[in-house]
Amino acid sequence: MTRFQLNSLNQRRWQNFKRNRRGYVSLWIFSILFVTTLLAEVVANDKPLLLWYDGAPYFPTLVTYPETIFGGEFELEMDYRQDYARELIEPKGWMLWPPIRYSYDTINYARMAPAVPSLDNWLGTDDQGRDVLARVIYGFRISVLFGLALTMISTVIGVTVGAIQGFYGGKIDLFGQRFIEIWSGMPNLYLLIILSSFVEPGFWWLLGIMLLFQWMALVDVVRAEFLRGRNLEYVRAAKALGMGNARLMLHHILPNAMIATVTFMPFILTGAITTLTSLDFLGFGLPAGSPSLGELIAQGKNNLQAPWLGISAFLVMSTMLTLLVFIGEACRDAFDPRKYYFN
C-alpha cells in the first residue's frame, strides 16, 4: 500500500469515526476532562499559582519557599492558606489562587468531617476533612494514566506474543496456547489481592502485578490475524523473494492485525481502570492517602450519612467508563471494512 493509499484509508476511517456522533462527542468530552486533570495542580491546589512579593514573582506550585523569604521566623515551608501567611504577604504583594484552593491531601480543619457541599468545598469533604472535588480530579488523572500505561504495555506484549504464535505456528503455537489457557484460568482478582498483600502497593508495583494477566487480552485476536495473514498470496510471494520473517511480520501482516487491536484498546483501558478501582475499594490498591476513586467509593459505603461521597464517586466512574465504551464503539465502526468500502 502506497503512502497516498494509506493516507486515504486513514481519512476514511476518521470520517467513519466522526459519523458515530456519540463516540465522536465522547472523545471530545473525555479529552477535555483528561487534559483538565493533567493540569490538576493548576486547577486544585493549596498553594497559589503566582505570588508577587516585594517586586519579585514566586511560583509556590513549582518551588518550595521557606517562611523567611516572606518575613517569617522559621525555615519551614509557608502555609499559604493561613491568616498568618496573608498578613505577611499582602502588605507587599498579592497571591493568584487556583479555582479550588485545596489539593487532594489538604484537610479543612474549619469544618467537621465529613462536611456537606458548600461554596468552600463544592462537593463536600470526606471523612478526614479532605476536599472531595480535589480528590476526584487527582483520582481521575491517576486512574486514566494507570489505565493508559497498562493498556499500552500489555498491548505491546500481547501483540508480540500473538504475532509469534500465529506466524510460526507448530509447537510454538501449541505450547503457547496451553500456557495461556492455564494462566488465564487463574483467579486473577484473588491473585492480585494476595500479591498486593505481601508488599505496600504502589503505582508501578500494581502496574507490574496487573501486567501478569492483562497482556492475554489481545493474544488470541492477533494470533488469528497472523494465522490467516501468513497464508495470503502477497505474503508468500514476499517470502519467496527472500524477505526476512521479521520484516514480513512488521510490514505485511501486523498492519492488518492492528485493526482489531485498535478497536479493542478502549475496552482494555476500561477494564484496567475498573480493576484498579476494585483493588482500591478493597484496600489492596494504591497506598493509603492516595487520591483514588475506589477509596472514595469505599468511604461512601462506610459513611452512608454522607451520600455526597458515594454519589460523587459513582458519577465520575460511570461517566468515565461510559465515555470510553462509546469511544470504543466508534473505533470499531471506524475500522469496519464494510463501512470503508460501501459508505
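What you see is a predicted model; the values in this text were computed from it and never measured.
- Each of Leu62, Thr61, Val43 was checked for a side chain to side chain contact (heavy atoms under 4.5 Å, CB included) with Leu49, and the lone residue meeting it is Thr61.
- Under a cut-off of 6.0 angstrom, the local environment of CZ in Arg21 is sparse, with at most 12 non-hydrogen atoms contributed by other residues, nucleotides or ligands.
- Using a 3.5 Å distance cut-off with no hydrogens or angles, the side chains of Tyr80 and Asp46 do not pair a donor with an acceptor.
- Contact check on Glu41 versus Lys47 returns no salt bridge, with no Lys/Arg side-chain nitrogen under 4.0 Å from an Asp/Glu carboxylate oxygen.
- Counting heavy atoms from C-beta outward, Leu88 and Met78 have side chains that approach closer than 4.5 Å.
- Leu150 and Ala272 get closest at one heavy-atom pair: CD2-CB, 3.4 Å.
- Side-chain contact between Leu50 and Pro57 is present, with heavy atoms from C-beta onward closer than 4.5 Å.
- Closest approach of Thr319 to Leu315, counting heavy atoms only: OG1-O, 2.7 Å.
- A side-chain donor-acceptor contact under 3.5 Å links Trp183 to the backbone of Leu212.
- Side chain of Thr322 to backbone of Ser318: a donor-acceptor contact under 3.5 angstrom is found.
- Of the residues Thr37, Leu293, Leu286, the one that meets the side chain to side chain contact (heavy atoms under 4.5 Å, CB included) test with Ile142 is Leu286.
- Of all the heavy atoms in Ile100 and Trp122, the pair that sits closest is CG1-CZ3, 4.1 Å.
- Two residues are said to be in side-chain contact when any heavy atoms from C-beta on lie closer than 4.5 Å; Arg111 and Val116 meet this criterion.
- In Glu181, the CD atom is crowded: over 12 heavy atoms of neighbouring residues, nucleotides or ligands sit closer than 6.0 Å.
- At least one donor-acceptor pair closer than 3.5 Å links the side chain of Tyr138 to the backbone N or O of Ala44.
- Contact check for Leu309 versus Lys301: no side-chain heavy atoms found under the 4.5 Å cut-off.
- Annotation: side chain of Tyr58 is not in contact with side chain of Val63 (no heavy-atom distance under 4.5 Å).
- A distance-only check finds a donor-acceptor pair linking the side chain of Trp308 to the backbone of Ala115 [under 3.5 Å].
- The two atoms that bring Ala330 and Asn20 nearest to each other are CA-ND2, 3.7 Å, heavy atoms only.
- Side-chain contact between Phe74 and Thr68: absent, with no pair of heavy atoms (C-beta onward) separated by less than 4.5 Å.
- Looking at every heavy atom in both residues, Phe70 comes nearest to Leu51 through CE2-CD2, 3.5 Å.
- Under a 3.5 Å cut-off, the side chain of Ser292 and the backbone N or O of Asp280 do not form any donor-acceptor pair.
- Within 6.0 Å of atom CZ in Phe264, 12 or fewer heavy atoms from other residues, nucleotides or ligands are found, so the atom counts as exposed in its surroundings.
- With 3.5 Å as the limit, one finds a donor-acceptor pair spanning the side chains of Asn121 and Asn108.
- You'll find the side chain of Arg130 reaches within 4.5 Å of the side chain of Gln299, heavy atoms only.
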query: When you look at Phe226 and Val221, which way does the side-chain contact (heavy atoms from CB on, under 4.5 Å) test go after all the steps?
result: CA-CA 9 Å; Phe226 270 78; Val221 175; over 6 Å; no
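- Residues Leu211 and Ser154 are in side-chain contact: their nearest non-hydrogen atoms beyond the backbone lie under 4.5 Å apart.
- Donor-acceptor pairing under 3.5 Å is lacking for the side chains of Tyr168 and Arg230.
- In this model, no donor atom of one side chain and acceptor atom of the other lie less than 3.5 Å apart for Asn45 and Tyr102.
- Shortest non-hydrogen contact noted between Gly71 and Tyr53 is N-OH, 4.1 Å.
- Side-chain atoms of Asn303 do not come within 3.5 Å of backbone N or O of Gln305 as any donor-acceptor pair.
- Atom CZ of Phe314 is surrounded by 12 or fewer heavy atoms from other residues, nucleotides or ligands within 6.0 Å.
- Judged purely by atom type and a 3.5 angstrom limit, Arg135 has no side-chain atom pairing as donor or acceptor with the backbone of Leu296.
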